[in-house]
Amino acid sequence: MTVGVRVPLRLADAHGRVATDLRVSLTDRCNLRCGYCMPAEGLPWLPTDEVLSDAEVLRVLGVAVRQLGVTKIRFTGGEPLLRRSLESIIAGAKQLRTHAGDTPELSLTTNGIGLDKRVSGLVAAGLGRVNVSLDSLDRERYAALARRDRLPAVLSGLAAAEAAGALPVKVNAVIMRDHNERDVVPLAQFCLERGYQLRYIEHMPLGPQHVWDRATLVAQAEILALLGERFELTPAAEPRGAAPAELWQIAPDGTQPGGLIGVIPSVTAPFCAACDRTRITADGQLRTCLFSRTETDLRGPLRAGASDLELAELWAGAHGRKAVAHGIGEPGFVPPDRTMSAIGG
Ligand code: SAM
Ligand code: SF4
């Protein structure tokens, strides 16, 4: 008689992709109201009892890493710094071991407000690095985009992240027509001078209705043209792989040291074919794609007593049905009902 050896589950889909990178949203709440993400009046927040508790988050992370081969965890939201227990969640995640026996890579996507006071504690708990969202260095334009006058707090957060060794510090900037195209070059200059890795993100149809319009999208080609007026750019040698950003090398000159810069062209050159992501919302819903219109409930089975293996099988089954691509721009494309803040960016 042969003794059955259980083959470890993976988040494999029918299109040859395997997800190993988990985005977990810790809250749908936020202290900014970025126009591309949230309406000015905010959104109805999830009731507290619908949000996964710390223990439930750690249970889900354990299933992802131990059972399903996830190797990277990014904490996001809403604004993940609004989760008071973020340090202890990170410390718990740090105890996990991947199939290869390593600690999973732990990172945070944040608007940076309050990061100055917390980043050293977060790094001590096990956080590896941060991505800070910063769309303008001009205080008035920042306040107009985020609908809150908080630029100084974000800049303090960035400096503190660097000082705490959460390296490399990454900066995300969404560029919107008639709002912040003139920030493209200053943001690059700012990041190059400090050694931060800047990624421009194409505006995606994931915010309040009627905000996104293909005609007003500032596409990768236009962002590169704006950069090209000021810098000497060459495509970076590194292959894009599963990384969403396309990278360019900026040559040093008398005013800046040069470095890599990226664009995440999710609309004009999507990276769906190489996607290695899986997502959990703050209320424990599994999404195989940012643009999914369906979710798989993990919270219900988890609270009803499902075992780790049962949760893993549910998760893996959903990934088996992952769509081949998001289809923005194709006839019939319908954006998801939740905004980016509620999904977890
Ligand atoms: N609050 C945190 C922050 O702003 O970094 C984390 C959550 S936020 C939803 C994650 C990322 O999504 C941010 O970099 C934000 O700029 C980006 N984002 C939100 N809505 C977007 C949209 N409609 N198109 C492109 N990026 C978007
Ligand atoms: Fe908040 Fe981030 Fe959305 Fe801005 S992008 S409203 S900071 S969740």
Side-chain angles (χ1 to χ4, degrees), residues 23-43 45-46 74-83 86 107-115 118-119 129-136 142-151 153-154 157-158 161 166 169-177 179-180 183 187 191 196-214 216-220 223 244-245 262-268 270-271 277 279-282 287 290-291 326 328 335-345:
R23 308 279 146 133
V24 57
S25 172
L26 296 179
T27 177
D28 59 328
R29 296 175 191 232
C30 191
N31 40 12
L32 297 184
R33 296 286 181 276
C34 306
Y36 47 74
C37 180
M38 278 220 210
E41 66 280 13
L43 291 164
W45 306 133
L46 287 166
R74 175 178 295 276
F75 298 98
T76 182
E79 176 44 49
L81 290 177
L82 295 182
R83 183 99 178 204
L86 181 58
S107 60
L108 178 73
T109 300
T110 170
N111 62 27
I113 296 168
L115 189 62
R118 288 179 71 187
V119 69
R129 33 177 213 84
V130 293
N131 281 48
V132 177
S133 299
L134 172 63
D135 301 331
S136 178
Y142 182 92
L145 282 158
R147 300 197 185 97
R148 299 287 185 273
D149 180 18
R150 302 306 305 273
L151 179 63
V154 182
L158 269 170
V169 172
K170 293 195 177 181
V171 173
N172 294 340
V174 177
I175 306 302
M176 291 176 77
R177 187 168 314 286
H179 287 86
N180 61 341
D183 289 294
L187 282 167
C191 290
Y196 301 164
Q197 294 188 6
L198 174 61
R199 305 281 181 264
Y200 303 96
I201 307 177
E202 282 184 351
H203 181 202
M204 297 180 278
L206 279 170
Q209 283 192 334
H210 313 302
V211 171
W212 189 86
D213 179 349
R214 183 140 200 153
T216 62
L217 169 78
V218 181
Q220 164 168 252
I223 293 170
V263 184
I264 303 183
S266 311
V267 179
T268 62
F271 66 104
R277 298 199 177 159
R279 292 172 189 273
I280 298 290
T281 63
R287 298 178 67 90
L290 204 46
F291 291 90
H326 59 47
I328 300 174
D337 296 328
R338 298 204 202 213
T339 66
M340 189 79 146
S341 62
I343 294 169

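Both counts, for ligands and for their atoms, begin at 1 and track the order of listing.
Under the 3.5 Å distance criterion, the side-chain polar atoms of R33 are left unmatched by any main-chain donor or acceptor of R147. No donor-acceptor pair under 3.5 Å is formed between the side chain of Q220 and the backbone N or O of E202.
Protein N, O or S atom count below 2.8 Å of atom 4 (Fe) of ligand 2: the structure gives 1.
Put simply, the side chain of Y196 does not reach to within 4.5 Å of the side chain of V132, judged on heavy atoms. Inter-residue side-chain proximity for L290 and M204 is flagged as met; some heavy-atom pair is nearer than 4.5 Å.
Side chains of R129 and N131: a donor on one and an acceptor on the other come within 3.5 Å. Of the N and O atoms on the side chains of T281 and R287, not one donor lies less than 3.5 Å from an acceptor on the other residue. At a cut-off of 3.5 Å, with distance as the only test, a side-chain donor of T110 or E79 sits close to an acceptor on the other residue.
Taken from SG in C30 to CG in L82, the straight-line distance is 6.5 Å, to the nearest 0.5 Å.
No heavy atom of G77 sits closer than 4.0 Å to any atom of ligand 2.
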Test side-chain contact (heavy atoms from CB on, under 4.5 Å) applied to Y142 and V154, step by step: CA-CA 10 Å; Y142 182 92; V154 182; 3.3 Å; yes

Within the protein, flag every N or O under 3.5 Å from an N or O of ligand 1, and note the pair and distance.
from: ligand 1; atom 1: 1 (N); to: G78; atom 2: O; distance (Å): 3.0
from: ligand 1; atom 1: 1 (N); to: E79; atom 2: OE1; distance (Å): 3.1
from: ligand 1; atom 1: 4 (O); to: S133; atom 2: OG; distance (Å): 3.4
from: ligand 1; atom 1: 5 (O); to: T110; atom 2: O; distance (Å): 3.3
from: ligand 1; atom 1: 5 (O); to: S133; atom 2: OG; distance (Å): 2.6
from: ligand 1; atom 1: 14 (O); to: S133; atom 2: OG; distance (Å): 2.8
from: ligand 1; atom 1: 14 (O); to: N172; atom 2: ND2; distance (Å): 3.4
from: ligand 1; atom 1: 16 (O); to: Y36; atom 2: OH; distance (Å): 3.2
from: ligand 1; atom 1: 23 (N); to: Y36; atom 2: O; distance (Å): 3.0
from: ligand 1; atom 1: 23 (N); to: M204; atom 2: O; distance (Å): 2.8
from: ligand 1; atom 1: 24 (N); to: M204; atom 2: N; distance (Å): 2.9

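For ligand 2 and G78, the ligand atoms under 4.0 Å from any heavy atom of the residue are 8 (S).
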